[in-house]
Protein chains: 2
Amino acid sequence: MLDLRKQQILQAVVEDYISTAEPVGSRTLARKYRLGLSPATIRNEMADLEDAGYLDQPHTSAGRVPSDKGYRYYVDCLLELQPPSPQERQRIEENLSYRREGTYVVQAAARLVAEFAPYAVLAVMPGLNRSRLRHLQLLPLDDHHLLLVMAADPGVIDTRMLELSTPLDRKERRRLVSLLNRDLAGLTLSDLDATIRQELRDELGPALYEQIMDQLHDVLSGSEPGKVLVEGLVNLLRQPEFQDVQKLTSLLEVLGRQDEWLIDLLRRRVRPGEIGVSIGRENEEEAIQSCALVTAGYEVRGEVVGMLAVVGPTRMEYGRVLGLMREVAEELSRVLDEL
Amino acid sequence: MLDLRKQQILQAVVEDYISTAEPVGSRTLARKYRLGLSPATIRNEMADLEDAGYLDQPHTSAGRVPSDKGYRYYVDCLLELQPPSPQERQRIEENLSYRREGTYVVQAAARLVAEFAPYAVLAVMPGLNRSRLRHLQLLPLDDHHLLLVMAADPGVIDTRMLELSTPLDRKERRRLVSLLNRDLAGLTLSDLDATIRQELRDELGPALYEQIMDQLHDVLSGSEPGKVLVEGLVNLLRQPEFQDVQKLTSLLEVLGRQDEWLIDLLRRRVRPGEIGVSIGRENEEEAIQSCALVTAGYEVRGEVVGMLAVVGPTRMEYGRVLGLMREVAEELSRVLDEL
DNA sequence: AATTAGCACTCTCGCCTGGTGAGTGCTAAG
DNA sequence: CTTAGCACTCACCAGGCGAGAGTGCTAATT
């Protein structure tokens, strides 16, 4: 635990560095922040903070820069969460409330965050497997193709083309459709997968059953995770830490990866109802060890159905971002809950 | 028209510059390409080419660099189109042929191009307005919401949530559904918009008609253009011309713009059956005047339903890209035609 | 014992400098 | 018309230098 004065100095260093992106020296600190201390004293304290690992020194005669540990302490103990401005809050409400489909709401949320904070934003769409099913309907397109339309709880619509090797006549289609549409509301798709299978097999012939089930299985088993959306990439280009194309490349490679990888990345960081922060080397994934992630899950009926994340340099405006994310995630959950 | 020797020299300059990204001098040219000429002669010819506007000189004592006009001449007269390798061709066929939904096929095509060429790729999904309608179906979700499911010709599925201010009972839903699903196959959605309206108004009450039509109209009027996909952004970071974050930023801003803007950009460049090339200053849009665009439309039953574009520096491997795009666009059209 | 003033020291950054090399344009010879 | 020769230009690089910011240490002050 740091004493009060060290805390004040650490806080000043972090906040100054966050706003200027320049190493901060004792003189600047004494001038800008009313600490009532001379530069010399501050120097001593900063030396202590450096020894304790909260600050780094890029080179002997430069100012100090917060280390990952320094940011961590700041976020955990010093940070005051900064709620969005009234204007921002209003924009958030306006933009989220009127949309009728879950995916668009989530997309709008990601855009908003990317607009209000100068970093990149990841959004994981609600996955069908996690959601509660409301409707499952088959539409015959032609005699070899059925279109499976799924409507799940937070206003998520997805469709899937099913291909049949043997044609189905009209009557069989009807039977299949009514079979599937019976008694399904309120089950998760994974439940469906387990409970309805046997019943289906009995009612359909085994051949037809196999064909359809093979393809349904892909969808229902949850191997189809929510899609991932990236917004505000350009924001990163304005950050001085990404002026170096090298770093930018490695980050962009990460953000361009497979959806599964990104979802997994986020899922490990998201806990229901709280905002997660992981800073620099705290991240196991090497490619993002010079970044900070702020993650939030959004929920429908108390269940996390998707995630939002802000990706930026460790020198991130944590106060603003945390406040923003809390607001947006809550509003998002609220709006989706009503769909 | 340039004489043969000037053509050869221009070609050598362009190709050398494309592969090295370094201004090319007379000595290099004489050594690398068997022109049977001394550096001095080449110098004279290059001076002529510069006077005529085909080459630029970054500064007095550097080599020459092709100008936009030089690239244009190269593309129009000197280029030999380089078809993809057998392996590439095989990958293309494999990756496009087995998918059942148009949007995934197009996405796969864009990914392939971005994999085989080190530039960014834009893909415009088939728009519903342009496609031919196969199925239009309404699913009642609850008494205030209908889900409109549209299946159009090149395997395009789209859904749209319709909201009703007054609830519909079961019977009315049925009537609506059967009404809409009757006699629609083979019409474009825009045709539908014009022809069926009156009939619908007669059969439904005017109040209900207005509610539904207002919302249908958005979808059917074609104000809903195909979505735009961007692949291979990271490729650009490897290009020396985008090491400068400035240029990168302006380009990324363009690629991140509204779908409508990008679609409009491409539409003006696409002619059925041919590959379009626009180079540097030839582009009206200021933000891409340091880029080259290679555009191709893909077709279903002879009608352009979507577009692909490669975006890169003017120093682009035109031979490879043109060959690749021709192959991919053709294969794409072929596969979609079969859906 | 804590704080601070003073001072020498370190290190980066920007600027200038001169040398190097690639490439040119010109001229005159082949 | 082509080419060899030559003087010239200019970007690039390395090294040197001064300025400025910031540090750590020491001694004086409170």
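In what follows, chains are A, B, ... by sequence order, proteins preceding strands, each numbered from 1.
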Partner set under side-chain hydrogen bond (donor to acceptor under 3.5 Å, both in side chains) for R111(A), not counting sequence neighbours:
E231(A)

Contact boundaries of DNA chain C with chain B (under 4.0 Å, heavy atoms), 5' to 3'?
dA22(C) to dG25(C)

Tell me which residues in residues 37-56 of chain A put a heavy atom below 4.0 Å from DNA chain D, sorted by number, or none.
R43(A), M46(A)

For S26(B), side-chain hydrogen bond (donor to acceptor under 3.5 Å, both in side chains) partners two or more places apart:
R43(B)

Going by salt bridge (charged side-chain N to carboxylate O under 4.0 Å, His left out), name the pairs with one or both residues in residues 7-22 of chain B, residues two or more places apart or in two chains.
D16(B)-K32(B)

Taking the basic N atoms (NZ, or NE/NH1/NH2) and the acidic carboxylate oxygens, is any pair closer than 4.0 Å for R326(B) and E274(B)?
no

Would you tabulate the nitrogen or oxygen pairs shorter than 3.5 Å linking the protein to nucleotides 10-12 of chain D?
unit_1	atom_1	unit_2	atom_2	d
dC10(D)	OP1	T60(B)	OG1	3.2
dC10(D)	O2	S61(B)	OG	3.3

Sorted by chain and residue number, the salt bridge (Lys or Arg N to Asp or Glu O under 4.0 Å) partners of E80(A) (sequence neighbours excluded) come out as none

side-chain hydrogen bond (donor to acceptor under 3.5 Å, both in side chains) with S67(A): which residues, sequence neighbours excluded?
none

Taking only residues two or more places apart in sequence or in another chain, which ones pass side chain to side chain contact (heavy atoms under 4.5 Å, CB included) with Q8(A)?
L4(A), R5(A), L35(A)

For the residue pair Y54(B) and Y73(B), does the interplanar ring angle fall in the parallel (under 30°), tilted (30 to 60°) or perpendicular (over 60°) class?
perpendicular

Strand-adjacent residues in residues 22-35 of chain B, judged by heavy atoms under 4.0 Å from DNA chain D
none

For R320(B), is there an ion pair with E327(B) - N to carboxylate O distance below 4.0 angstrom?
no

Hey, are the side chains of L293(A) and V277(A) touching, using non-hydrogen atoms and a 4.5 Å cut-off?
no

Residues that Y119(A) engages under ring pair (Phe, Tyr, Trp, His ring centres under 6.0 Å), provided they are two or more places apart:
none

Salt bridge (charged side-chain N to carboxylate O under 4.0 Å, His left out) partners of residues 66-77 of chain A, not counting sequence neighbours, each pair once:
R72(A)-D76(A), R72(A)-E282(A)

